[in-house]
Amino acid sequence: MTSASIDSHSHPAEVDVWLDVGKEGRYFTYRDKHRLGVDLGDLVRVRLRGRPMNGLVVAKRTSSSELNQIERNPLSFQTPLAEVEALVQQSAVDSQWRDWLEDMAVNCHISPFRMMKAALPPGWLGQRKLRNIESKKLWWVFLVHSPSELNSLPKRQEELENFLRLSGSGAWQKDLHNAGFSGGLIKSFIATGRASREKRQLINKSHVSSNVLDACSAELEVPQNLTDEQIAAIQVFDAQPPGNALLLWGITGSGKTEVYLQIASKELAAGRNCLILAPEIGLIPQLVDRFLRRFGSKVLEYHSGCSEKERVSTWRKVLSPQTPLVVVGTRSAVFLPLSPLGLIVLDEEHDSSYKQESPMPCYHARDMALKRAVKTGAKVVLGSATPSLSTWKSLEPDGPISMARLNKRISDKPLPTVHVVDMRQELAAGHRRLISRPLMEQLSSLPEAGEQAIVLVPRRGFSSFLSCRSCGEVVQCPHCDVALTVHRGGKDQQWLRCHWCDHRSVVETLCSHCNSTAFKPFGAGTQRVMDHLVKELEGVRFLRFDRDTTGGRDGHRHLLEKFASGEADVLIGTQMLAKGIDLPRVTIAAVLAADGLLH
């Protein structure tokens with residue numbers, strides 16, 4: 001990017017605007033005729049062949065003498081430059097952030113423009129017209145300390161004062177209207193000096209659980225007492241030079257989140273922003289709630305579950321923060337232009353959901369975070385109970401990543417006992433049901449004990465493979481050594497297909513290994529498991545937790561809140577449930593057909 005000094009009294013500036021044209025985008029020159037103050041890195045609204053488009057300003061210079069001649073001579077055959085219609089976002093892209101993004105584009109084998117478009121919020125580059133995304137502000141009426149010599153109030157004003165006091169000394173004016181207090185009455189009461197009003201941001205209560213709203217309106221949560229291992233982990237982090245990373249290897253329940261919180265607190269106190277990443281949207285509500293209770297309004301969230309309006313609003317708050325922020329999000333949040341950036345946390349860093357395979361660009365959020373930390377001087381914390389092999393390979397002394405261990409659970413609680421049930425033995429004993437007898441017994445006793453259970457189903461639907469229940473044999477592709485998938489067509493037709501090489505074969509009725517007739521497609525989705533358990537276990541309440549039941553902005557949060565409040569005894573879900581969700585009353589966790597995960 002290049003820029004020249006522009007005199008406000010000179011002719012309008014010319015700017016080169018990067019537009020979404022062709023595969024890689026193209027530059028077009030426009031005039032800042034309306035003197036909007038357009039500068040490098042701004043997003044602007046222009047027209048190309050009559051079509052309105054948003055583009056990025058990449059160069060700026062004074063108007064050419066030829067253009068001035070065209071303005072003086074309208075009969076000139078040269079066409080004047082089109083004009084910039086509107087300034088969409090000032091300083092949307094700074095040079096340091098763009099340099100990092102262009103480096104990542106090289107690593108991802110994609111053009112800088114495509115990388116930029118993937119990083120920015122939806123609609124900021126392209127032909128879509130952005131709706132007004134400014135967050136709404138409403139009148140907040142609140143009581144103030146009034147002088148003791150004030151006279152007594154009329155009856156209706158006394159009722160209004162009592163209403164405000166019962167509402168915690170303040171309420172939205174629209175709520176006062178709904179309660180029967182007119183606008184004139186409210187203004188008269190404010191004129192007495194006992195109350196005041198101001199414009200405030202409206203908190204969308206559907207996005208935050210009620211207990212968290214209560215915590216935000218009251219005093220913030222105090223940090224918890226740390227164990228010796230947690231203290232040692234924070235000390236290792238503090239000793240890291242800027243740009244380095246720490247692997248926080250801690251067993252389940254060892255207090256990794258509290259370590260994140262206390263490290264983030266230090267970074268915020270130093271005036272630096274924090275980015276907290278989770279692999280799945282299903283984990284976001286729990287993390288957001290924990291950070292909201294500790295840091296209040298400093299916490300934002302950014303992921304595909306947010307609406308376009310919310311994502312653009314978050315991006316704008318990040319560009320011009322009033323105070324250091326904590327942003328909680330999924331892998332796409334790694335692109336947020338937080339500056340200065342002090343901390344990046346990847347919780348459950350081993351999870352494959354951090355890797356985007358389609359659409360382009362293909363990237364891994366862990367690699368992005370590590371390289372961004374080097375560029376900005378931030379520090380990275382990789383948290384996991386089962387670190388990835390890639391992270392192991394990068395540990396000191398062979399790599400740049402340090403390690404801290406959390407070997408003990410909080411309060412020295414023991415790890416749960418693991419029981420493996422061989423379903424072949426269940427079949428030999430005459431039990432041909434989907435759920436083993438020991439699990440059925442445990443689930444049936446939950447209501448009486450006041451406890452809860454989670455049942456994990458490897459697959460959401462019926463993408464099944466062909467398996468023998470007698471010996472466990474699975475039909476493999478002869479070319480690729482992967483399990484063949486059962487496909488179903490019309491008139492009850494079935495066939496086997498390899499999703500790698502497209503090899504196809506018929507569905508056999510006998511096992512080629514043991515000649516058993518208990519040879520049939522295997523694959524039970526969450527709906528089938530729930531239907532089966534509802535029939536088998538009377539008096540036990542069930543909830544499903546998968547992509548089909550957690551749709552919408554806060555589907556995950558609402559379902560988890562219902563389960564945590566005791567509205568169900570058993571939560572049945574897919575792999576979304578196997579990622580560190582904290583539910584204190586859960587005493588049983590079952591994985592159905594665990595060996596099916598291998599196929």
Side-chain angles (χ1 to χ4, degrees), residues 86-87 89-90 130-222 268-269 271 288-289 291-301 306-327 553-554 557-558 561:
L87 179 60
Q89 176 60 49
Q90 194 171 26
L130 286 173
R131 299 187 300 272
N132 178 26
I133 57 84
E134 292 298 330
S135 299
K136 194 173 184 180
K137 289 187 176 181
L138 298 178
W139 284 114
W140 174 261
V141 182
F142 56 97
L143 295 174
V144 295
H145 295 293
S146 56
S148 58
E149 64 269 13
L150 283 179
N151 297 325
S152 60
L153 297 172
K155 182 179 178 181
R156 283 294 287 164
Q157 290 189 13
E158 283 186 1
E159 292 175 354
L160 175 56
E161 184 178 39
N162 291 332
F163 184 90
L164 289 171
R165 187 170 288 111
L166 292 173
S167 300
S169 297
W172 298 108
Q173 185 166 305
K174 66 181 185 68
D175 293 334
L176 296 178
H177 290 324
N178 294 334
F181 300 105
S182 67
L185 174 64
I186 295 171
K187 288 182 180 179
S188 300
F189 179 62
I190 292 174
T192 66
R194 294 177 184 261
S196 182
R197 70 172 185 169
E198 64 183 15
K199 288 276 190 176
R200 286 190 183 182
Q201 204 77 37
L202 177 63
I203 298 175
N204 191 338
K205 296 187 178 183
S206 67
H207 296 172
V208 186
S209 59
S210 58
N211 60 320
V212 173
L213 282 171
D214 293 340
C216 290
S217 61
E219 293 184 6
L220 296 176
E221 177 187 82
V222 297
L268 293 174
V288 168
D289 291 355
F291 278 84
L292 274 172
R293 284 194 290 267
R294 190 68 59 90
F295 303 118
S297 59
K298 295 180 180 179
V299 180
L300 304 172
E301 57 181 302
C306 299
S307 67
E308 178 180 307
K309 175 180 176 180
E310 290 165 338
R311 279 185 279 177
V312 172
S313 176
T314 297
W315 197 281
R316 286 184 166 169
K317 289 177 182 177
V318 165
L319 287 174
S320 54
Q322 303 298 317
T323 182
L325 299 172
V326 178
V327 182
R553 169 66 169 76
D554 291 295
R557 184 192 302 277
H558 294 328
E561 285 182 350

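- Taking both residues in full, the closest heavy atoms of L268 and K298 are given as CD1-CD, 4.3 Å, listed atom of the first, atom of the second, then distance.
- Heavy atoms only, all atoms of each residue included: G193 and V144 are closest at O-CG2, 3.2 Å.
- Contact detail for V318 and P321: the closest heavy-atom pair is O-CD, 3.2 Å.
- If you take CZ on F163 and CD on Q157, they are separated by 15.5 Å, rounding to the nearest 0.5 Å.
- E301 is not listed as a side-chain neighbour of T314, based on a closest heavy-atom distance of 4.5 Å or more.
- Side-chain contact between E198 and F142: present, with at least one pair of heavy atoms (C-beta onward) separated by less than 4.5 Å.
- Between atom CH2 of residue W140 and atom OG of residue S196 there is a gap of 12.5 Å, rounded to the nearest 0.5 Å.
- Summarising the geometry of A171 relative to L176, their closest heavy-atom pair is CB-CD2, 4.1 Å, with the distance given to 0.1 Å.
- Here the CZ atom belonging to R294 is positioned 9.5 Å from the CG atom belonging to L220, to the nearest 0.5 angstrom.
- Inter-residue side-chain proximity for S182 and H177 is flagged as unmet; no heavy-atom pair is nearer than 4.5 Å.
- Taking the side chain as every heavy atom from C-beta outward, L143 and E161 approach each other to under 4.5 Å.
- The side-chain heavy atoms of V141 and W172, taken from C-beta on, include no pair separated by under 4.5 Å.
- Put simply, the side chain of L160 does not reach to within 4.5 Å of the side chain of R156, judged on heavy atoms.
- Between L153 and F189, the shortest heavy-atom distance links the atoms CD1-CE1, 3.6 Å.
- Without hydrogens or angle criteria, S320 side chain to K317 main chain gives no donor-acceptor distance under 3.5 Å.
- A donor-acceptor pair under 3.5 Å is absent between the side-chain atoms of S313 and the main chain of K309, judged by distance alone.
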Is there a side-chain contact (heavy atoms from CB on, under 4.5 Å) between E159 and F181 once you walk through the steps?
CA-CA 9 Å; E159 292 175 354; F181 300 105; 4.2 Å; yes
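- For the atom pair CZ of F291 and CG of L300, the computed distance is 13.0 Å after rounding to the nearest 0.5 Å.
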